[in-house]
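Data first, discussion second: the structure below is written as structure tokens.
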Amino acid sequence: MKNYIRKLFTLVLIRDKTRVLLGYKKRGFGQGRWNGFGGKVEAGETAQEAAARELGEECRLMTAPENLTKVGELEFTFEESDTLMDVKIFTTNTYTGIPTETDEMRPEWFPLEKIPYSHMWPDDELWYPIFLRGNKFKGAFHFKGHDIILSQSLSEVEAFTN
Ligand SMILES: Nc1[nH]c(=O)nc2c1ncn2[C@H]1C[C@H](O)[C@@H](COP(=O)(O)OP(=O)(O)OP(=O)(O)O)O1
């Protein structure tokens, strides 16, 4: 196994009983795909602080870091890269503001039964059902390029260790 350089990322999924807010990524990593809002955790930030900041930067919704509940921990690696993306996934339904398009993302609400998996990361259709059932999960996905999952693990968990 490669000696990966681990980098911490966040992903925020805003949802209520009937719909989830996704953003169409207009540039950068994952361009052209629908995803939650998130990005790199900067030095000196907690993952929750970074998640709240990125939510504001990418779609103008504001929330306090303590409103964000961790629902998932996923690791992504790629044949072509030494970086291990360590992604902490949060959800909340407590926020202020109106989803607004930014340079990075175009937000849109999707009914829970109409999530656009064919235009999302290929792992999403595997773990969103766990998330949508209200459960927590952990997993790892190894990619060839950005479209092919070469190996994976995924399991539901009761809680996280940290
Ligand atoms: N396979 C995957 N499935 C998924 O659902 N989300 C993924 C993913 N791989 C990465 N992500 C998420 C994590 C994070 O929210 C986002 C990548 O971060 P960014 O879009 O912020 O990266 P950028 O390089 O554009 O950085 P910033 O300058 O920090 O905004 O994509």
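Small disclaimer: the values here were computed from a predicted structure and weren't measured. Counting starts at 1 for both ligands and their atoms, in listed order.
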Quick test: of every protein heavy atom, which one is nearest to [atom], and how far off is it to 0.1 Å?
{"atom": "atom 16 (C) of ligand 1", "value": "G38 O, 4.5 Å"}
{"atom": "atom 14 (C) of ligand 1", "value": "T10 O, 3.4 Å"}
{"atom": "atom 30 (O) of ligand 1", "value": "E104 OE2, 3.3 Å"}
{"atom": "atom 29 (O) of ligand 1", "value": "K40 N, 3.3 Å"}
{"atom": "atom 5 (O) of ligand 1", "value": "D124 OD1, 2.6 Å"}
{"atom": "atom 8 (C) of ligand 1", "value": "F76 CE1, 3.6 Å"}
{"atom": "atom 21 (O) of ligand 1", "value": "G39 CA, 3.0 Å"}

Within the structure, is a non-hydrogen atom of [X] found at a distance of less than 4.0 Å from ligand 1?
{"X": "F141", "value": "no"}
{"X": "K25", "value": "yes"}
{"X": "M120", "value": "no"}
{"X": "E54", "value": "yes"}

Could you tell me whether the side chain of [X] and the main chain of [Y] form a donor-acceptor pair under 3.5 Å?
{"X": "R53", "Y": "E49", "answer": "no"}
{"X": "K25", "Y": "F37", "answer": "no"}
{"X": "E75", "Y": "D86", "answer": "no"}
{"X": "T63", "Y": "T94", "answer": "yes"}
{"X": "R19", "Y": "D16", "answer": "no"}

Do K40 and F9 meet the cation-pi criteria used here (NZ or CZ under 6.0 Å from the six-membered ring centre, within 45° of the axis)? no
Under the ring-ring contact (aromatic ring centres under 6.0 Å, His included) definition, can you give me all pairs with a residue in residues 48-68, not counting sequence neighbours? none
Can you confirm whether more than 12 heavy atoms, excluding those of K2, are under 6.0 Å from its NZ atom? yes
Any idea which of D86, L11, N35 brings a heavy atom closest to atom 11 (N) of ligand 1? N35
For atom 1 (N) of ligand 1, state which one of D123, L22, L126 supplies the nearest heavy atom. D123
Heavy-atom contacts under 4.0 Å between E57 and ligand 1: side chain, backbone, both, or neither? neither
Residue-level breakdown please: for F78 versus ligand 1, do any non-hydrogen atoms fall below 4.0 Å on the side chain, on the backbone, on both, or on neither? neither
A student checking ligand 1 against W127 at a 4.0 Å heavy-atom cut-off should list atoms 5 (O)
Would you give me the side-chain donor-acceptor pairs under 3.5 Å for residues 107-118, sequence neighbours excluded?
none

Ring centers of W121, F143 separated by less than 6.0 Å: yes
